[in-house]
Amino acid sequence: MQLSRGEFLRLAGLVSASAALQGCAPLYANFAALKADAPMRSNLPSPAGFPALNRLTFGPRQSELHTISELGLHAWIEQQLAPEQINDTAASLRIRHLDSLSQDANALEAREKFELISELKQATLLRQVYSKRQLYESMVEFWSDHFNISVAKGDCWFLKVVDDRQVIRKHALGSFRDLLMASAHSPAMLTYLDNQVNHKDAPNENYAREVMELHTLGVHGGYTQDDVMELARCLTGWSVKTHFWLGDFTFVPEMHAGGAKTVLGEVIPSAGIAEAEAVIDRLAVHPATAQHIATKLMRRFISDDPLGDAPTLVSRAASAFLQTKGDILSVLRVILLDGLATQAGQLPQKFKRPVNFVASALRSLEAETDANHAIAATLSQLGQPTFEWPTPDGPPDHAAAWSSNLLPRWQFALALPRAEIPGSRIDLDHILSALPTNSPADMIDRLSHRLLGAALPAETRRELAALITAQPAVEPHEQAAVITAGILASPAFQWR
Amino acid sequence: MSPIINRKDFLQSTVLNPGRIIWPEWMPRLAFSPAQVEPRGDTLVVVFLRGAADALNMVVPHGESAYYAARPTIHIPRPDDRRSAAGERVIDLDGFFGLHPTLKPLLPSWQEGHLAVVHACGAPDESRSHFKAMELMERGVSDEGGPASGWIGRHLATYNTGNPSPLRAIGLGEMLPRSLYGAVPASALRSIIDFHLSGDTKAAGQMQAALRVFYQGTDAVSRVGQETLAILNTIEALNPAGYRSKSEPSYPASEFGSGLQQIAMLVKAEVGLEVAAIDVGGWDTHFAQGSSQGLMAGLMSNLAQGLAAFHADLHAHQDRLTVVVMSEFGRRVNENASLGTDHGYGSLMLLMGANILGGQVHTDWPGIQAGQLFGPGDLAVTTDYRDVLAEIISKRLGNQALGEIFPGYTPALRGIAR
């Protein structure tokens, strides 16, 4: 169901006045309708701002909800698609003490390993929680997953810091071809997938396979084992300097297999480094790549099953990719402006991945966090350690992968409002200021609107209030912590 | 995929560092009635070696001269190769195959007839893609059509033991393995000893009460939540942290060792465990694989020490226990120039248990001479992995619904179990 422009504006307008949301219980009720083997669908319109922010950011902040209610969702997305126009000083101040952000590979290699890894994680999580360029940070996350590199492999513990800056963040909203080419020349990627030792005598196929299977064409993209072996030969000699200019890309002619190669039916004349570059140029704009990238972006922003739920939009996004030779912004315009923005209240639900669960709790509750060790440890326990996913497929992006491990989420939900997460604090008194009364029911309403964008179903609200009231002689502050913990741990908060 | 990294071991060593967990010799029985709790068949433990383990360097065909020609650097010396130290040579099993020296801890179970090898086995998928191969294998299907659930999930769904335990099926780790999809209940447990809401007791109690309010639905996530609450109660009754063993267990100090130890605890406690799945990562050895020592030797040592400790720990339970070790495919026969091996095809499975026809390498060996290889130079597959699993499911677990568990495939039983 698509909202008309009028309906959309009316619903978006509701967001600014949370009191007007008291009647929006059906949104929550829909969360419970999930079937074991089919993604749940909301059939009722709901305010566009909250679900859109849940999907496009690391969790809705009140300030962003207000902006959307003023500008409209479409204009807000346009703003986010031009992140360089967004003043992000506040977030920059929070990360400016991190030396690694400006150090080159030589300086990074001299750092203490685990301190540097922590710093990379912290910079990433601080930006996810505090940056106003939320869509840009979401795309940085998307490409970090797509071009996954684990810092636990070889020299990746310092090379990934450079990759994050020069490959992922530099090209996240640019040209896919430039992104792919930068990744192929990235010492971190070459190390992670063993190409730095790819030698003519007996080529190493690891990177050659994954660049086609995972980064471009997809496993059904039409390449063969022979293509893998021939591309591996093209890539012989693509390596990393280990002494002077340590950590720089280098092409070693003595390691490179001479002679012509044939990849995807095309003869590649002997041309040294230019052979693989020619293949990468071709892969970057291949129709199978367009389909693969469009499907993955749709899975991230729209639905776990994009080909089942929105096949037309996938096709349109893939066409935009092909027509623009992989202009990432053009593909996003189709998916977000023509897709998400027109039906933000009826999107199929996505289960929050661990980072979205943690970050949305921090953002929705306006937490003050250092995003340091305690947060990193939580993400490990939830199964998504930042930059430590071991395999090149990156952490999965569908509900079934994440929904069987609830206890660590409950633990975080319990600990955060009780100030038991070192380095993270929330101010419940502020969130609950100026309530009509200090009754559990009023606290529940304020917190459920804040965290879920809607009231709890009447029955749940009544049972929870009864539970709180039944505890004798408990301070209101303690009651608020229990309510917050319960809602953070609830099934509804696990979806975005 | 990348070698070297075992995410879980890495985390354990750098972040969590929980120290050694000491488990009791004896665990209390829970209050489920025996008729409901006893699974009709064995408890099944499935160990998945993620990354395509190199079968040829695990159970080495030392009788094949082609093996030594193909691997000038990373081969394992013949059992009688006097040029190498005794501890670096293959441990002969039957005059043709032998164990990598780091698998020596498995010898007692082999000699007891509790350990079998199925060699040159695998799946029909020839993509040599880790992710496609693992998915198809864990789903137990030949191609991407067919049910999205896993083969273990369908086994449990088609086999009603009347077992109400929330611990009927578990995956050890942060995520549920694909093979368990579709099983109800099935939960991912990272650590049994840490499976509780920690912190202030009163707050944890209130939290549980609030969770019972929120998790009343019939949707998938609400059911997981209900199971998780039930497991909290079950494990609270076990009080795993309250027991201390007098004898030092011999499990390796790794996530795998700790995982097996926790499975053993659940088996001994008779909490209704029917299937446990545990992963060991890091087997994608494109680079610097090593031979008798090195990267892969370290992985095998952890595997063998864990399995041997598990076998010894549960020796009294061996007639009701089957362990299966598998991987998504094998590796190229020829080594590459970076002292590793690329993606291949034929693989192996290890089977443990008192009712496995052990002390044998079960294989229709295809050979690895020129002309016998498959595709770009790989060990051929002569036994479908589903033949092995189907025999275990039907003979050891008692479930005959093989057509539903492996749709579109008619397994041939190979005589690997009683």
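Below, chain A is the first sequence line, B the second, and so on; all start at residue 1. Scope of the values below: all heavy atoms of this structure, side chains included, with no hydrogens, waters or symmetry mates.
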* To do: Tell me whether the guanidinium CZ or amine NZ of A:Lys121 lies under 6.0 angstrom from the six-membered ring centre of A:Phe387 and within 45° of its axis.
  => no

* To do: Name the member of A:Glu478, A:His199, A:Glu459, A:His220 that forms the most heavy-atom pairs with chain B at distances under 4.5 Å.
  => A:His220

* To do: Would you kindly say whether B:Ser254 and B:Asn302 are connected by a side-chain donor-acceptor distance under 3.5 Å?
  => yes

* Which word best sums up how the rings of B:His343 and B:His286 line up, parallel for under 30°, tilted for 30 to 60°, or perpendicular for over 60°? -> tilted

* To do: Would you kindly check if the NZ (Lys) or CZ (Arg) of A:Arg409 is within the cone defined by 45 degrees around the ring axis of A:Phe412 and under 6.0 Å from the six-membered ring centre?
  => no

* Pick one of side chain, backbone, both or neither for A:Pro396, based on which atoms fall under 4.5 Å of a heavy atom in chain B. => side chain

* Asked: B:Gln289 and B:Thr341: side-chain donor and acceptor closer than 3.5 Å?
  -> yes

* Any Lys/Arg nitrogen of B:Asp378 or B:Arg128 sitting under 4.0 Å from an Asp/Glu carboxylate oxygen of the other? -> yes

* Taking A:Arg418, A:Glu420, A:Met255 one by one, which has the highest count of heavy-atom pairs under 4.5 Å against chain B? -> A:Arg418

* Asked: Salt bridge between B:Lys132 and B:Glu135, side-chain N to carboxylate O under 4.0 Å?
  -> no

* Measuring heavy-atom distances to chain B, does A:Phe351 have an atom under 4.5 Å in its side chain, in its backbone, in both, or in neither? -> side chain

* Structure fact -> So, the part of A:Leu467 with a heavy atom under 4.5 Å from chain B: the answer is side chain

* With respect to chain A, which residue among B:Gly199, B:Ala203, B:Ala288 yields the maximal number of heavy-atom pairs within a distance under 4.5 Å? -> B:Ala203

* **Selection from A:Ile483, A:Val482, A:Asp226 maximising heavy-atom pairs under 4.5 Å formed with chain B** => A:Val482

* Which bit of B:Glu144 comes within less than 4.5 Å of chain A, counting heavy atoms only: side chain, backbone, both or neither? -> side chain

* **Atom group of B:Leu211 that falls short of 4.5 Å from chain A, counting heavy atoms** => side chain

* Asked: Is any side-chain N of the basic residue among A:Glu205 and A:Arg209 closer than 4.0 Å to the acidic one's carboxylate O?
  -> yes

* Asked: For the candidates A:Ser404, A:Gly486, A:Ala415, which exhibits the highest count of non-hydrogen atom pairs separated by less than 4.5 Å from chain B?
  -> A:Ser404

* **salt_bridge(A:Asp304, A:Lys350) N-O dist < 4.0 Å** => yes

* Just give me the residue among B:Ala210, B:Ser127, B:Ser187, B:Ser338 that pairs up with chain A most often, heavy atom to heavy atom, under 4.5 Å. => B:Ser338

* Asked: With only heavy atoms counted, which part of A:Gln479 is less than 4.5 Å from chain B, the side chain, the backbone, both or neither?
  -> neither

* Side chain / backbone / both / neither for A:Gln225 at chain B, heavy atoms under 4.5 Å -> side chain

* Would you say A:His373 has more than 12 foreign heavy atoms packed within less than 6.0 Å of its NE2? -> no

* Which one, B:Leu197, B:Leu232, B:Thr228, leads in non-hydrogen pairs under 4.5 Å with chain A? -> B:Leu197

* Is A:Arg353 salt-bridged to B:Glu174, cutoff N-O under 4.0 Å? -> no

* Asked: Taking every heavy-atom pair that is under 4.5 Å apart, which of A:Asp201, A:Asn148, A:Thr224, A:Leu214 has the most such pairs with chain B?
  -> A:Leu214

* Asked: In terms of heavy-atom pairs under 4.5 Å, which option from B:Glu335, B:His196, B:Arg178, B:Arg332 contacts chain A the most?
  -> B:Arg332

* **Which atoms of B:Leu189 approach chain A - backbone, side chain, both or neither, heavy atom under 4.5 Å** => neither

